[in-house]
Amino acid sequence: MGKLNKLSGFPELLPSGRVIEQYILDAARQVFELHGYLSLETRAVEPIDHMQRSGEIDKEIYVLRRLHASAEEADPGLGLHFDLTVPFARYVLEHAAHLDFPLRRYQIQKVWRGERPQEGRFREFTQADIDVVGKGPLAFHHEIEMAVVMATLLASLPIPPAVIQVNNRKLAEGFYRGVGATDTQSVLRAIDKLDKIGADRVRRLLETETGLTPEAAAKCIKLASIRSLDASFVEQVRALGVTNELLDQGLSELAAVVTGANAERRGSVVADLRIARGLDYYTGTVYETQLVGFESIGSISSGGRYDNLASNDKQSYPGVGISLGVSRLVSILIGKNLVSVSRAVPSAVLVAVADEASRGASELVARQLRARGIPCEVAPSADKFGKQIQFADRRGIPYVWFPATTDPEGAAGDTVKDIRSGEQVEADVTRWQPPPDDLKPRVFSNVDTSTALRESL
RNA sequence: GUGCUCGUAGUUCAACGGUAGAGCGCAGCCUUGUGGUGGCUGAUGUUGCGGGUUCGAAUCCCGUCGGGCACCCCA
């Protein structure tokens, strides 16, 4: 057998890592459903030309073909989807007649991108998306809702505090027009590079490539430096002395998102006018999310409002959505050792086996525990009890159950041992219950998130 | 795709031209049916792969494959 290499960018978790991932997936599902989002899944494959239409041409798409496709067979032009928004837009158009609008759905699936992997960036990864899509109009208040739902989910996880940074495309575009820019996309793209290349080089880009006057470029950079936890950013923008109708609309929308979301989840959202986002189909609020203390890894959740998620001749479907980068978040938690798990296996109890002749008695104990919802397994072999306890210890199984011995000298009933404390007590298999904390693997934070949160504000 | 860097035991790493080693982990015993601590003993490698230089290569050179990071782009 040849040497098996792990594939770069296609992560596979160890059992304890998978416990963390599943914890997040369960939490996402629970929070999304609590907010009324229904679950959808789309196929993994989309026509390549359809995926390219809404993004740039150079998307890194994995192409799909049959191994036995003959040379003269037409290439169906299929690829693995690189996000969940484009397939969802296609799904909405295709099934519109059977859907009720506004439609709120969540979608948790793998996506694939051919980019070179690095820290927190993979070629195969899981996203958890929520979107609300309207038929014709879509009320603005859903743009507040996105931030609230995601903030609720993030707050429910044992992770460092997360801050959702929001901006508004109308605000930015109106401002750029107000200072005389014609190609607002290129201003946005330059501003997006502020973190990477710095203000001086962005200023030069704006003056040379976008053709802004030095004053206009300076104002655009000034705009990007504005940041506030409440609506006070509005005055700061006004102080720059730019007037434009679209700008006004953007200002009031962004103010509504920041005050509205923070009213529900204090400190969850900050207006940050530097947030640009490369994708050109956003038309209103845009979101990015940083984990406090781990900003360098990039956004763990982002999205925005798009007036034209999908459209056909008769109808257009505006939407707003936000996506949690599950794989990225999990990789940070594991890589930076931010969380621990109580055990990597589901079993709360290992039922010991005295000898192979009495395995049936042990199986019966296990059946009775399972009937009451207690995950358990029976020891694989009738080793010395020390070995069986060690078997449980290595897996983090907290309890070992010793069935009543048939040995007349033993004369004892069933006992259960908490192998962490060593305490062993008599127990009735029809009544014994582990503490709720021990029933399922637990995921807990290794860092004191409360102080970290205070420092960030 | 381009650039930089790194591939040694299950794992983390050492040895930097002269017989491949340590910690952790693993197995056994001390401990004859209740683990963890401690003590003793033991097993494990085509040094990623291929070629070259050399009396001699894990070490130097070339190629190749793979990993990591940066650019690009994004969760």
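Chain A is the first sequence line, chain B the second, and so forth, proteins listed ahead of strands; every chain is numbered from 1.
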Tell me every residue that passes salt bridge (Lys or Arg N to Asp or Glu O under 4.0 Å) with A:Lys336, counting only those two or more places apart in sequence or in another chain. A:Glu119
Pick base, sugar-phosphate or nothing for A:Phe391, based on heavy-atom distances below 4.0 Å to the nucleic acid. nothing
Spell out, as yes or no, whether a donor-acceptor pair under 3.5 Å connects the side chain of A:Asp272 to the backbone of A:Gln165. no
With sugar-phosphate meaning primed atoms plus P, OP1 and OP2, does A:Ala382 contact a base, only sugar-phosphate, or nothing at under 4.0 Å between heavy atoms? base
Using a 3.5 Å distance criterion without hydrogens, assess whether the side chain of A:Ser362 forms a donor-acceptor pair with backbone atoms of A:Ala352. yes
Length of the line joining A:Glu119:CD and B:A70:P, which is rounded to integer Å: 7 Å
For A:Glu173, which residues count as a salt bridge (Lys or Arg N to Asp or Glu O under 4.0 Å) partner, sequence neighbours excluded? A:Arg177
Whole angstroms only, please: what is the CG-P distance between A:Leu14 and B:G10? 16 Å
Rounding to an integer number of Å, can you tell me how far A:Arg121 CZ sits from B:G67 C1'? 17 Å
Nearest-Å distance once atom P is located in both B:U41 and B:U47: 28 Å
Quick one: does A:Gln30's side chain have a donor or acceptor within less than 3.5 Å of a partner on A:Ala28's backbone? no
Base, sugar-phosphate or nothing for A:Ser299? Non-hydrogen atoms, less than 4.0 Å. sugar-phosphate
Just list the side-chain donor-acceptor pairs under 3.5 Å for residues 324-335 of chain A, sequence neighbours left out, or say none.
residue	atom	partner	partner atom	Å
A:Ser327	OG	A:Thr126	N	2.7
A:Arg328	NE	A:Gly120	O	2.8
A:Arg328	NH1	A:Ser299	O	2.8
A:Arg328	NH2	A:Gly120	O	3.4
A:Ser331	OG	A:Ser327	O	3.4
A:Ser331	OG	A:Arg328	O	2.8

If the condition is side chain to side chain donor-acceptor pair (under 3.5 Å), which residues does A:Ser156 pass it with, not counting sequence neighbours? none
Residue set satisfying side chain to side chain donor-acceptor pair (under 3.5 Å) with A:Glu145, at least two apart, ordered chain then number -> A:Tyr37, A:Arg104, A:His142
Along nucleotides 34-40 of chain B, 5' to 3', which nucleotides get a B, which get an S, and which get a -, given that the test is a protein heavy-atom distance under 4.0 Å? BBB----
Can you list the residues that meet the ring-ring contact (aromatic ring centres under 6.0 Å, His included) rule with A:Tyr287, with sequence neighbours excluded? none
Rounded to whole angstrom, note down the C1' distance from B:C65 over to B:G17. 26 Å
In whole Å, measure the gap between the C1' atoms of B:C26 and B:A43 for me. 9 Å
Identify whether any heavy atom of A:Ala354 sits under 4.0 Å from a base atom; if not, whether one sits that close to sugar-phosphate; answer base, sugar-phosphate or nothing. base
When the C1' atoms of B:A14 and B:C62 are considered, how many whole Å apart are they? 27 Å
In whole Å, what separates the P atom of B:C55 from that of B:G50? 23 Å
A:Phe10 atom CZ is separated from B:G67 atom P, nearest whole Å, by 10 Å
Polar atom pairs between nucleotides 1-4 of chain B and protein, under 3.5 Å, N or O only, would you list them?
residue	atom	partner	partner atom	Å
B:U2	O4	A:Arg116	NH1	3.1

Can you list the residues that meet the salt bridge (Lys or Arg N to Asp or Glu O under 4.0 Å) rule with A:Glu423, with sequence neighbours excluded? none
5'-to-3' dot-bracket of RNA chain B (Watson-Crick, G-U; under 3.5 angstrom; crossing pairs as [ ]; | other strand): (((((((..((((....[..)))).(((((.......))))).....(((((..]....))))))))))))....
For B:A75, take OP1 and OP2 only and decide whether either is under 4.0 Å from a side-chain N or O of A:Ser323. no
Between C1' of B:A75 and CG of A:Leu80, the distance in whole Å: 17 Å
Expressed in whole Å, how much space separates the C1' atoms belonging to B:A22 and B:U37? 23 Å
May I have the distance from A:Asp129 (atom CG) to B:A75 (atom P), rounded to whole angstrom? 9 Å
Who pairs with A:Arg18 by side chain to side chain donor-acceptor pair (under 3.5 Å), at least two apart in sequence or on another chain? A:Glu21
Considering only the C1' atoms, how many Å lie between B:U8 and B:A15, rounded to the nearest integer? 10 Å
Taking atom C1' in both B:U19 and B:G25, compute the distance separating them and give it to the nearest angstrom. 27 Å
Atom-to-atom span, CD of A:Glu295 to P of B:A75 - whole angstrom: 18 Å
Considering residues at least two apart in sequence or located in another chain, which fulfil the side chain to side chain donor-acceptor pair (under 3.5 Å) criterion with A:Asp200? A:Arg203
Among B:A75, B:A70, B:C26, the one nearest A:Gln118 by side-chain distance: B:A70
Which heavy atom in A:Ala199 sits nearest to a heavy atom in A:Leu194, and how many Å separate them? CA-CD2, 3.7 Å
For a quick check of understanding: with a heavy-atom distance under 4.0 Å over all strands, which category does A:Gly298 fall into, base, sugar-phosphate or nothing? nothing
Considering heavy-atom distances to RNA chain B, does A:Pro117 or A:Ile297 have its closest nucleotide positioned more toward the 5' end? A:Pro117
If you look at every strand shown and take non-hydrogen atoms under 4.0 Å, does A:Ser301 touch a base, only sugar-phosphate, or nothing? sugar-phosphate
A:Arg105 charged N/C atom sitting above A:Phe88 aromatic ring, 6.0 Å / 45°: yes
Whole angstrom value for the distance that separates C1' of B:C73 from CZ of A:Phe125: 11 Å
